[in-house]
Amino acid sequence: MPTECNSDLFGFARAAGRAVVALFDGGAITSDAGALLLGATDRAIGLVDRFASCFRDARSPVLIEHEVRTLVGQRVFGLALGYEDLNDHDELRHDPMMAVLAGKLAARRRDCAPVAGKSTLNRLELSRAAPSRYHKISHDPAAIEGLFVDLFLEAHAKAPKQIILDLDATDDPLHGHQEGRFFHGYYDGYCYLPLYVFCGRHLLVSKLRRSNIDAAAGSVAEMARVVGQIRRRWPRVRILLRADSGFCREDLMAWSEAHGVDYLFGLARNDRLTAEIVDELAAAQEESERTGKPARRFKDFTWSTLKSWSRSRRVVAKAEWTGGDSNPRFVVTSLSRKESEARCKRDFFPTLRLEA
């Protein structure tokens, strides 16, 4: 028996006396309308245009359908919306929201979408510092790195008295046989180990690295670059580096001391350090067993490793007894005793996971 079908309208059971219908005449629609806010933010700070200016395009102008600014913006907005895979853009190139964000609602050629597909974007991502026959879009690594710091500096109406730069290394898991993949024992998987530097909510450094390296590898060079750029704009600002024990390295501490930069780093515990706070641990244990609550004591002392440090440095220890066991933690700092007592307790011990 033939079925009568109306492709334009479907009716459902009424709800609260009102008709419920489904229509399919919406035309081109998007599920990412919130990206309009990203577009407004970009227009306020000019991120995409400034990022695109870090690239050079050696392609023939008469053959270009998608300009570098379009490609860069498409990739940035796609990542912000959760579309990490380039394959996603074979569909996203037809999404009206991507066209709106690119400021290009229609392509000049009939066989093209308003924005690029995966193949064109892949050529952008494979760009090198100098153009080649098959990679005609090149990039300026120094300009890209400097842009992050410039955006941070411009976000302040005036120079602050002090800033805290947080260094961190974390895993970027790999799920295939990507170039430079290595197994990392701590993260128990194959990954990259990017270096990040933040100042509050501002990202200053994001450096992709292989994972067969020390967590602090390259941090001195990055701090020299970032601190130099900051001080050219804010010559009197006080700078404090803060990180876990993975960055407690002689070269980074010595560089900081030589360049007037303060630091506060986690210090991996060992038997010699724990021996320095035996009395404090005993006092914390007695209090904890008496009150049934965690107890802690703090101690400030000068200390040095047997070989790796070039000098003695100030260490602040937290002798904690909790859950029926000791939980000692240590930091090394260039701050004065008065500053370290306040800052270590308030800004470091409660928030930072230190390696045992």
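Only a predicted model underlies this, so the values are computations on that prediction, with no experimental measurement involved.
Once rounded to the nearest 0.5 Å, the distance linking CG of Asp172 with CZ of Arg209 reads 11.5 Å. From Asp166, atom CG reaches atom CG of Leu240 across 8.5 Å, with rounding to the nearest 0.5 Å. Atom NE2 of His175 sits about 10.5 Å away from atom SG of Cys191, to the nearest 0.5 Å. A distance of 4.5 Å separates SG in Cys199 from CD1 in Ile163, rounded to the nearest 0.5 Å. The CZ atom of Arg75 lies 4.5 Å from the CG atom of Leu79; values are rounded to the nearest 0.5 Å. Here the CZ atom belonging to Arg329 is positioned 12.5 Å from the CZ atom belonging to Phe298, to the nearest 0.5 angstrom.
The aromatic rings of Trp309 and Trp303 lie perpendicular to each other, with more than 60° between the two planes, well past the 30° mark. Note: His139 and Phe55 have tilted aromatic rings, judged against thresholds of 30 and 60 degrees for the angle between ring planes.
With respect to Glu276 and Arg269, no salt bridge is recorded, no charged nitrogen being found less than 4.0 Å from a carboxylate O. Ion pair Arg311/Glu257 flagged as a salt bridge, since at least one NZ, NE, NH1 or NH2 atom sits closer than 4.0 Å to an Asp/Glu carboxylate oxygen. A salt bridge is absent between Arg69 and Glu67; no separation between the charged side-chain nitrogens and carboxylate oxygens falls under 4.0 Å. Of the charged side-chain nitrogens involved, none lies within less than 4.0 Å of a carboxylate oxygen, so that Arg297 and Glu286 do not count as a salt-bridged pair. A salt bridge is defined here as a Lys NZ or Arg NE, NH1 or NH2 lying under 4.0 Å from an Asp or Glu carboxylate O, and Asp140 with Arg56 fails to meet this definition. Using a 4.0 Å cut-off between charged side-chain N and carboxylate O, Asp57 and Arg59 make a salt bridge.
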Criterion ring pair (Phe, Tyr, Trp, His ring centres under 6.0 Å) on Phe152 and Trp234, from CA distance to verdict: CA-CA 12 Å; Phe152 161 69; Trp234 299 336; 5.6 Å; yes

From CA spacing to verdict: side-chain contact (heavy atoms from CB on, under 4.5 Å), Val331, Arg242: CA-CA 10 Å; Val331 296; Arg242 183 170 59 179; over 6 Å; no

Test salt bridge (Lys or Arg N to Asp or Glu O under 4.0 Å) applied to Glu222 and Arg225, step by step: CA-CA 5 Å; Glu222 290 302 313; Arg225 177 182 64 81; 2.7 Å; yes

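Judged by the 6.0 Å distance and 45° axis criteria, Arg181 is positioned over the aromatic ring of Tyr190.
Contact annotation: the side chain of Asp214 approaches that of Arg249 to within less than 4.5 Å [non-hydrogen atoms, C-beta and beyond].
At distances below 3.5 Å, at least one donor-acceptor pair connects side-chain atoms of Thr291 with backbone N or O atoms of Lys293.
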